[in-house]
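Excluded from the calculations below are hydrogen atoms, water molecules and symmetry mates; all remaining heavy atoms, backbone and side chain alike, are included. We name chains A, B, ... by the order of the sequence lines, and we start the count at 1 in each one.
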There are 2 protein chains.
Amino acid sequence: MSSIPLGDCGVSRGFCDGPGFGAGASVTLVLDGERGELVRAPARVGKKGKVGVLDASVAMALKTHSEAERRRRQRINGHLATLRSMIPGTEKLDKAALLAEVINHLKGLKSNAMEISKGCTIPSDVDEVRVEVEDVMNSGSFIIKASLCCEDRPDILADIRQALQTLQLKTIRVDISTLGGRVKNVIVMKCEGNANDIEKHLYTSSVHRALESILDRFNSSVDFLPRTSFSNKRQ
Amino acid sequence: MSSIPLGDCGVSRGFCDGPGFGAGASVTLVLDGERGELVRAPARVGKKGKVGVLDASVAMALKTHSEAERRRRQRINGHLATLRSMIPGTEKLDKAALLAEVINHLKGLKSNAMEISKGCTIPSDVDEVRVEVEDVMNSGSFIIKASLCCEDRPDILADIRQALQTLQLKTIRVDISTLGGRVKNVIVMKCEGNANDIEKHLYTSSVHRALESILDRFNSSVDFLPRTSFSNKRQ
DNA sequence: GTCCACACGTGATAC
DNA sequence: TGTATCACGTGTGGA
């Protein structure tokens with residue numbers, strides 16, 4: 001009784017005239033347990049040995065039971081319909097495929113959020129250079145995602161640009177986040193054309209070296225650089 | 001045949017000896033359609049008027065049918081179990097509540113992604129200054145979230161810092177995203193202490209003016225500034 | 001003893 | 001044709 005059935009779900013048949021009831025109740029053949037063989041059902045008798053003395057209360061119990069079960073089905077199918085409306089391209093999928101697609105979208109959104117949080121937050125006060133080949137297109141192009149985390153300074157972006165412009169990489173996107181005097185730069189670059197693994201490794205290590213040189217340069221000059229020129233110093 | 005049934009799902013009973021079969025097949029009473037009354041089922045006869053001439057092929061059809069149906073249920077329930085394992089706190093929920101929770105998580109992740117993309121992506125080639133009081137703490141402090149979107153240039157961050165350092169605002173966080181020669185700067189500032197609405201509006205408009213002045217300065221000087229010094233120009 | 005959720009087999013239906 | 005999915009009513013076990 002907690003959730004809402006979301007309408008009739010298109011079930012417009014009358015009560016108990018649907019398929020699956022009458023035949024299931026009148027056929028006196030059952031499939032034997034371990035064998036799967038069709039055998040005669042044992043003549044089921046009532047509790048007192050009489051068939052047909054089911055009274056009105058039992059009938060009412062059956063009725064309410066089947067109605068409750070129908071409501072439960074409506075509830076589940078309503079939620080399924082909601083999910084189907086939320087995920088594009090699932091209009092013609094059956095229940096299992098819809099649920100599989102829901103799982104995929106959930107994984108995708110979760111990894112997406114993970115990726116964004118990984119790319120946007122600043123790790124805990126530790127200098128870091130990370131370079132990874134993020135995605136390999138089937139066209140031979142590949143994407144390099146590099147990040148540099150260090151103490152903040154105003155010309156770090158210019159340094160990064162200068163260090164990377166010698167490479168034949170097209171900068172797709174740059175994200176810079178600062179927090180408490182630290183900065184994390186995420187640079188997404190793309191190399192178009194067919195490159196083999198050796199070339200990819202060459203690019204990757206070149207990017208890594210370029211960013212590490214920035215880090216080294218900064219760390220060697222941090223002692224005598226004026227640190228008071230930033231407005232967002234750590235406190 | 002595309003997805004995997006994910007094992008037995010704990011169903012260890014033999015075939016057709018489970019609940020819900022025997023009694024349903026031997027009781028010869030059905031509930032009448034529109035009324036919900038319990039009536040005698042019409043004596044179902046075979047196709048040729050004889051009961052009990054169901055041959056082995058029909059039995060096999062029934063067997064394969066129920067087995068296929070069981071496989072279908074296992075597939076669906078397997079996906080449901082996967083969803084349950086993906087979302088914490090759904091271990092003791094029933095199917096409908098689980099699906100409702102899946103819907104909630106999907107909505108949450110989607111709005112989260114929307115929020116992040118709102119703060120990180122660059123709008124479509126239109127200069128923009130937005131300032132909003134993001135969150136008002138119950139301590140009287142408030143947070144100003146300002147964003148400036150314009151053509152990219154190397155010293156824009158320094159300009160923003162200079163323009164905002166005259167205000168008594170502590171910079172909590174700065175996010176900068178560039179894409180195709182455009183840049184979006186998101187600055188989150190905090191003003192501690194008790195401020196009334198007039199002061200908040202004063203701060204807000206000051207930030208707005210500061211950022212717009214940067215935009216104006218850039219737009220008036222864009223004609224004679226060298227634009228070729230960026231590595232990530234739009235192409 | 002009542003209520004609820006689940007798994008079951010079955011008929012209808014689509015392809 | 002067989003082989004899928006789906007909704008149905010029902011039996012049953014757990015709160």
Please check the phosphate of C:dA7 (OP1 and OP2 only) for any side-chain N or O of B:R70 closer than 4.0 Å.
no
Closest to side chain of A:R72, choosing from D:dC6, C:dC6, C:dC8
C:dC6
Verify, without hydrogens or angle tests, whether A:T178 (side chain) and B:V174 (backbone) share a donor-acceptor contact under 3.5 angstrom.
yes
Return the value, rounded to whole Å, for the distance between atom NZ of A:K95 and atom C1' of C:dA7.
13 Å
Could you tell me the separation between the CE atom of A:M60 and the P atom of C:dC3, rounded to a whole number of Å?
12 Å
The residue, A:H65 or B:A68, whose nearest nucleotide of DNA chain D is more 5′ is B:A68
Determine: side-chain N/O of B:K63 to OP1/OP2 of C:dG9, distance under 4.0 Å, yes or no.
no
Using atom CG of B:D94 as one end and atom C1' of D:dG13 as the other, report the distance to the nearest whole Å.
16 Å
Just by distance, do the side chain of B:R84 and the backbone of B:T90 share a donor-acceptor pair under 3.5 Å?
yes
Does C:dC6 have OP1 or OP2 sitting under 4.0 Å from an N or O in the side chain of B:R73?
no
Between the side chain of A:H79 and the main-chain N/O of B:A96, is any donor-acceptor distance below 3.5 Å?
yes
Any donor-acceptor pair under 3.5 Å between the side chain of B:E69 and the base of D:dC6?
yes
Can you tell me the distance, in whole Å, between the CZ atom of B:R71 and the P atom of C:dG9?
12 Å
Ion pair present between B:E128 and B:R130, side-chain N to carboxylate O less than 4.0 angstrom?
yes
How many Å lie between NZ on B:K92 and P on C:dC6, as a whole number?
12 Å
Whole-Å distance, B:L62 CG to D:dA4 C1', equals 16 Å
Separation of D:dA4 atom P from A:L93 atom CG, nearest Å, is 17 Å
Please check: side-chain N/O of B:N77 versus main-chain N/O of B:L80, any donor-acceptor pairing under 3.5 Å?
no
Among D:dA7, D:dC6, C:dG9, which nucleotide sits nearest the side chain of A:N77?
D:dA7
What integer distance in Å separates B:Q74:CD from C:dC6:C1'?
14 Å
